[in-house]
Amino acid sequence: DNTMNIGDTIHLKALGSASKRTKNRIHNRGKSGFEVTKLPQRTNFVNGTSGDRDWIMLDSLDSLWSGWLAMDEIEVINESR
């Protein structure tokens with residue numbers, strides 16, 4: 001069961017096709033994992049970048065970053081509750 005819940009800690013890997021932004025966020029902010037703060041959902045950003053994609057809101061556990069990553073650019077490599 002791959003269900004994620006708010007408050008879960010997840011570790012991520014950027015897919016090869018991921019944007020530079022996604023790769024950088026995971027590389028620079030994801031060493032200790034991320035806490036899930038909003039479950040995957042369709043989100044319309046101010047700059048209009050969402051399209052038909054699900055985004056997940058995350059909080060970095062080892063730095064003061066929180067933000068959205070596109071679900072189709074990431075792979076969850078493990079979950080710890």
Side-chain angles (χ1 to χ4, degrees):
D1 178 17
N2 264 350
T3 315
M4 280 184 283
N5 296 294
I6 290 175
D8 282 358
T9 295
I10 60 173
H11 289 81
L12 300 178
K13 187 174 99 175
L15 298 177
S17 56
S19 68
K20 195 171 194 62
R21 174 187 176 273
T22 295
K23 289 176 179 169
N24 286 342
R25 290 302 177 282
I26 293 172
H27 179 76
N28 296 329
R29 310 292 190 183
K31 300 276 188 285
S32 307
F34 296 93
E35 181 182 334
V36 177
T37 54
K38 287 193 182 161
L39 294 176
Q41 57 191 270
R42 295 288 161 94
T43 305
N44 286 310
F45 299 109
V46 178
N47 64 3
T49 52
S50 69
D52 293 329
R53 308 166 80 186
D54 284 341
W55 296 75
I56 188 168
M57 171 69 109
L58 300 166
D59 213 344
S60 168
L61 294 183
D62 60 10
S63 68
L64 290 172
W65 179 83
S66 68
W68 297 92
L69 292 179
M71 289 299 293
D72 60 5
E73 295 188 2
I74 60 177
E75 182 185 343
V76 177
I77 42 184
N78 72 327
E79 277 180 81
S80 40
R81 298 183 184 281

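A 4.5 Å side-chain heavy-atom check between Leu12 and Val76 finds at least one atom pair inside the cut-off. A 4.5 Å side-chain heavy-atom check between Pro40 and Met4 finds at least one atom pair inside the cut-off. Put simply, the side chain of Phe34 reaches to within 4.5 Å of the side chain of Arg29, judged on heavy atoms.
Environment of CG in Leu64: sparse, with no more than 12 heavy atoms of neighbouring residues, nucleotides or ligands closer than 6.0 Å.
When all heavy atoms of Asn5 and Val36 are compared, the closest pair comes out as O-CB, 3.6 Å. Nearest heavy atoms, Thr9 versus His11: CG2-CE1, 4.3 Å.
Under the 4.5 Å side-chain heavy-atom criterion for ILVMFWY residues, no single connected hydrophobic cluster contains both Leu15 and Ile10.
For Ser19, the side chain to side chain donor-acceptor pair (under 3.5 Å) partners are Thr22, Glu73, not counting sequence neighbours. Evaluation of the salt bridge (charged side-chain N to carboxylate O under 4.0 Å, His left out) rule for Glu35 yields no partner, not counting sequence neighbours. In terms of the side chain to side chain donor-acceptor pair (under 3.5 Å) criterion, residue partners of Asp54 (sequence neighbours excluded) are, by chain and number, Arg42. Residues passing the side chain to side chain contact (heavy atoms under 4.5 Å, CB included) test with Ser66, sequence neighbours excluded: Asp59. Residues satisfying the salt bridge (charged side-chain N to carboxylate O under 4.0 Å, His left out) criterion with Lys23, sequence neighbours excluded, are absent altogether. Every residue meeting the salt bridge (charged side-chain N to carboxylate O under 4.0 Å, His left out) condition with Asp72, not counting sequence neighbours, appears here in chain and number order: Arg53.
To the nearest 0.5 angstrom, Ile56 atom CD1 is 9.0 Å from Ile6 atom CD1. The CZ atom of Arg25 sits 15.0 Å away from the CH2 atom of Trp68 when rounded to the nearest 0.5 Å. Taking OG1 of Thr37 as the start and CG of Leu58 as the end, the distance is 6.0 Å to the nearest 0.5 Å.
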>> Evaluate Leu61 against Lys31 for side chain to side chain contact (heavy atoms under 4.5 Å, CB included), listing each step before the verdict.
In response: CA-CA 8 Å; Leu61 294 183; Lys31 300 276 188 285; over 6 Å; no
